[in-house]
Structures are given as C-alpha cells and as structure tokens.
K.L.:
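Structure incoming, see below.
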Amino acid sequence: MEKERERMLQTLTFEILHMERKNLRSKSKTDQKMSEEIQKVIVEYARQL
C-alpha cells in the first residue's frame, strides 16, 4: 500500500511539473487558472486513494 501511495505521489508531482513547464513555455494561462487546474488534478488523485 505504501509503495502505491509513493508511486501516485510521484506521478502527481510529475504531472503538475509537466503542466507548469508547458504553461511557462506558452504563457497561455494566468496564475489563477493554473492554480485551478492544479487543484483539480490534486483532488482527482486524492479521490483515488
């Protein structure tokens, strides 16, 4: 169970970093919009636990 949680946390971290990197390149989203998207991803992963 602990390994699964660690794997999910690592996957979540990489997904968020990918979103941030993509946004830094395009500058298409404001900080508020980016924050909302990150919150959605975190909630989605939390529901899987």
Side-chain angles (χ1 to χ4, degrees):
M1 181 68 172
E2 187 64 30
K3 294 237 183 217
E4 181 66 23
R5 293 180 98 186
E6 287 179 30
R7 189 187 63 76
M8 285 186 81
L9 181 59
Q10 186 177 30
T11 304
L12 172 62
T13 303
F14 285 136
E15 187 169 336
I16 290 173
L17 288 173
H18 176 73
M19 290 169 60
E20 286 284 345
R21 183 182 219 182
K22 193 168 142 184
N23 191 49
L24 282 173
R25 288 183 181 162
S26 67
K27 304 263 189 216
S28 63
K29 295 183 180 131
T30 63
D31 288 342
Q32 178 66 31
K33 183 64 177 166
M34 195 66 205
S35 175
E36 290 170 3
E37 285 196 23
I38 289 171
Q39 288 174 14
K40 286 178 190 175
V41 170
I42 291 171
V43 168
E44 179 182 314
Y45 274 84
R47 287 184 180 154
Q48 292 177 12
L49 293 176

K.L.:
Go through the structure and list residues passing salt bridge (charged side-chain N to carboxylate O under 4.0 Å, His left out) with Glu4, not counting sequence neighbours.
P.N.:
Arg7

K.L.:
Drop me the distance from Lys3's NZ to Gln10's CD, to the nearest 0.5 angstrom.
P.N.:
11.5 Å

K.L.:
Look up atom OG1 in Thr11 and atom NE2 in His18, then write down how far apart they are to the nearest 0.5 Å.
P.N.:
13.5 Å

K.L.:
Any chance you could measure Glu44, atom CD, to Glu15, atom CD, to the nearest 0.5 Å?
P.N.:
6.5 Å

K.L.:
To the nearest 0.5 Å, what is the distance between CZ (Arg5) and CD (Gln48)?
P.N.:
12.5 Å

K.L.:
Rounded at 0.5 Å granularity, tell me how far CE in Met34 sits from CG in Asp31.
P.N.:
9.5 Å

K.L.:
For Thr13, enumerate each residue passing the side chain to side chain donor-acceptor pair (under 3.5 Å) test, keeping only those at least two apart in sequence or located in another chain.
P.N.:
none

K.L.:
Decide yes or no for Lys33 and Asn23: does some side-chain heavy atom of the first lie under 4.5 Å from some side-chain heavy atom of the second?
P.N.:
no

